Number of protein chains: 2
Amino acid sequence: MFRLVLRIVADARETPSGIPELLAGKGVYLQKKSLDVADYVIGEIAIERKTVNDFISSLYRGRLFEQAERISSAYSKYLLIVEGDAQEALADLKNPNVYWGTLLALALKFDFRIFFTMDQDETASLLYLLAKQAQSDYRMQRPMLVKKPRMETTKDWQILILGSLPSIGPKLAEKLLQSFGSVRNVLKASSKELAVRGGIGEARARKIQQLLDAEYRPGQAKQSKLA
Amino acid sequence: MFRLVLRIVADARETPSGIPELLAGKGVYLQKKSLDVADYVIGEIAIERKTVNDFISSLYRGRLFEQAERISSAYSKYLLIVEGDAQEALADLKNPNVYWGTLLALALKFDFRIFFTMDQDETASLLYLLAKQAQSDYRMQRPMLVKKPRMETTKDWQILILGSLPSIGPKLAEKLLQSFGSVRNVLKASSKELAVRGGIGEARARKIQQLLDAEYRPGQAKQSKLA
DNA sequence: ATAGCCGGGTGGTGA
DNA sequence: TCACCACCCGGCTAT
């Protein structure tokens with residue numbers, strides 16, 4: 001009797017979670033590797049697994065989106081499994097909107113599919129089913145969505161450069177560029193011009209000028225000439 | 001002066017759920033319509049809301065995928081909100097795999113983003129956040145700015161600014177500062193000077209000059225500044 | 001590529 | 001001109 005072999009690649013660091021073992025118990029052909037970005041790979045689908053607590057804490061560490069970026073650029077389909085009692089964790093959260101907001105961003109901007117499981121066991125079942133579906137649908141995959149262009153335009157650089165100035169964020173950077181036309185023009189401008197033509201006030205303008213003209217001192221120079 | 005208003009379209013049949021009212025309470029401009037396929041529409045995103053029980057019972061009716069098909073062909077992005085205690089409902093199921101399998105199919109084949117909320121209140125919050133995100137995305141996306149990790153000293157700022165130039169890292173930035181003495185002097189220098197005195201090549205130098213002098217072009221139509 | 005809050009800067013208003 | 005104040009922006013922080 002022919003038996004279908006499901007194949008799942010698991011990152012070596014997932015071993016302690018017990019999930020690889022559970023999968024093997026279900027008859028999956030498990031391949032352990034050292035994966036760069038994801039925790040599991042099934043066919044062309046990458047899976048990132050995170051416990052609720054990991055997920056929550058990564059909200060505040062900023063590392064989350066960077067990781068999401070890596071996965072999304074490496075695979076065409078990818079899903080996030082959040083494991084554990086999300087509801088309970090959510091109750092402890094001071095600001096639940098951050099949680100929901102992040103999920104929305106992951107789902108809509110990064111194109112993640114997100115699943116919630118209660119424990120490793122459920123995660124294993126989910127992966128198993130996924131492998132089964134991926135296998136049977138092998139040939140009837142829908143065409144993928146167009147890749148996001150993610151262009152690094154000149155405009156982005158311009159805003160980035162000005163935005164690295166103190167007390168200048170993206171909004172102000174854009175305003176300045178609109179007023180002055182180019183990065184150089186902004187940087188050439190005197191503080192008065194900055195204050196008059198750009199939408200920024202004298203205080204900020206002076207601060208910027210001082211910084212631009214400040215003499216560079218290697219070593220730990222702590223000239224608090226600002227403000 | 002205008003106040004920014006979030007706008008959500010709700011199907012008339014959603015009224016009894018109380019969610020439209022909750023949204024209105026959050027200051028959303030709610031528009032009730034009779035929608036063909038979805039329950040809510042936010043920007044270009046369609047939202048189908050289902051209570052857990054509805055969802056579960058529709059597993060066995062087969063009508064679910066037909067509905068999914070209709071939504072997916074009418075909108076480019078769409079999400080499903082499953083409202084209620086999924087965990088509890090799942091415990092009653094004889095065969096949970098049907099549940100998970102359906103979710104997987106919806107997510108991967110139909111490209112649904114699926115969210116789970118506890119009650120109408122949470123659903124309303126989710127929709128509200130979604131509207132907010134959709135709205136801020138409608139503006140042009142801005143480049144991610146350099147992390148400004150607590151800059152105290154002038155020296156750090158100087159390096160950060162130059163480091164935000166293309167192909168200039170912290171190391172080169174420092175070198176340039178040492179050669180030229182101040183940020184302004186670096187930016188004033190011609191590409192030849194940069195190449196000769198700073199340790200960078202002409203190619204990089206030219207690239208930087210180009211960027212500095214590039215005319216700023218707002219990508220999207222900017223809102224006219226009527227006062 | 002989160003959301004909320006706070007502090008400070010800006011620019012307008014009206015005296 | 002000045003004082004006030006409303007708004008906007010940027011920076012911080014959150015489990």
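Note on naming: letters A, B, ... go to the chains in the order of the sequence lines (proteins, then strands), and numbering restarts at 1 for each one. All values reported here derive from a predicted model rather than from experimental measurement.
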Which listed nucleotide (D:dT15, C:dA1, C:dA3) is nearest to the side chain of B:Q133? C:dA3
Write down the distance between CG (A:L64) and P (C:dA3), rounded to a whole number of angstrom. 13 Å
Closest of D:dG10, C:dG9, D:dT15 to the A:A203 side chain is C:dG9
Please enumerate all protein N or O atoms sitting under 3.5 Å from an N or O of nucleotides 4-6 of chain C, with distances to 0.1 Å.
residue, atom, partner, partner atom, Å
C:dG4, OP1, A:N97, ND2, 2.4
C:dG4, OP2, B:K132, NZ, 2.7
C:dG4, O4', A:N95, ND2, 3.4

Whole Å only: how far is the CG atom of A:L172 from the P atom of D:dC7? 19 Å
Please, which pairs that meet side chain to side chain donor-acceptor pair (under 3.5 Å) have at least one residue in residues 35-47 of chain A, sequence neighbours excluded? A:E14-A:Y40
Within the side chain of A:Q209, is there an N or O that forms a donor-acceptor pair under 3.5 Å with the backbone of A:A189? yes
If you measure from the Lys or Arg side-chain nitrogens to the Asp or Glu carboxylate oxygens, is any gap between B:D111 and B:R113 under 4.0 Å? yes
Starting the side chain at C-beta, find the nucleotide from C:dT2, D:dA14, C:dT10 nearest to A:T102. C:dT2
Judged by atom type as modelled, is there a donor-acceptor pair below 3.5 Å linking the side chain of A:Q133 to the main-chain atoms of B:G101? yes
Crowded around B:R70 CZ? As in, over 12 foreign heavy atoms under 6.0 Å? yes
Test side-chain contact (heavy atoms from CB on, under 4.5 Å) applied to B:L22 - qualifying residues, sequence neighbours left out: B:Q120, B:D121, B:A124
Checking contacts here: which listed nucleotide (D:dT15, C:dA1, C:dG9) is nearest the side-chain heavy atoms of A:R204? C:dG9
A:Q67 has an atom CD; how far is it from atom P of C:dT2, in whole Å? 16 Å
Would you check if there is a donor-acceptor pair between the side chains of A:Q67 and A:K50 at a distance under 3.5 Å? yes
What's the closest nucleotide to the A:F65 side chain, out of D:dC9, C:dA1, D:dT15? C:dA1
Looking at CG of A:L64 and OG of A:S57, how far apart are the two atoms once the value is rounded to the nearest 0.5 Å? 9.5 Å
ring-ring contact (aromatic ring centres under 6.0 Å, His included), that's the test. Do A:F110 and A:F65 meet it? Break it down for me. CA-CA 9 Å; A:F110 287 88; A:F65 288 104; 5.7 Å; yes
Worked check of salt bridge (charged side-chain N to carboxylate O under 4.0 Å, His left out) between B:D11 and B:K32: CA-CA 6 Å; B:D11 185 73; B:K32 293 192 185 180; over 6 Å; no
Report, one pair per line, the protein and nucleotides 2-4 of chain D atoms (nitrogen or oxygen only) whose separation is under 3.5 Å.
none

Over how many whole Å does the gap from A:I56 atom CD1 to C:dT2 atom C1' extend? 12 Å
note: A:K207, atom NZ; D:dG10, atom C1'; distance rounded to Å ~ 10 Å
note: A:R206, atom CZ; C:dT10, atom C1'; distance rounded to Å ~ 13 Å
Name all residues meeting the side-chain hydrogen bond (donor to acceptor under 3.5 Å, both in side chains) criterion together with A:E122; count only those two or more places apart in sequence or in a different chain, and write none if there are none. none
Protein-nucleotide distance (A:L194, atom CG; C:dG11, atom P), rounded to Å: 12 Å
Answer yes or no: is there a side-chain heavy-atom contact under 4.5 Å between A:F55 and A:L103? yes
In whole angstrom, give the distance that lies between atom CZ of A:F112 and atom P of C:dA1. 16 Å
For DNA chain C, consecutive-pair runs of 3 or more (Watson-Crick or G-U wobble, both H-bond-type distances under 3.5 Å) give C:2-15 with D:1-14
Ranking A:E202 and A:Y60 by the position along DNA chain C of their nearest nucleotide, the one closer to 5' is A:Y60
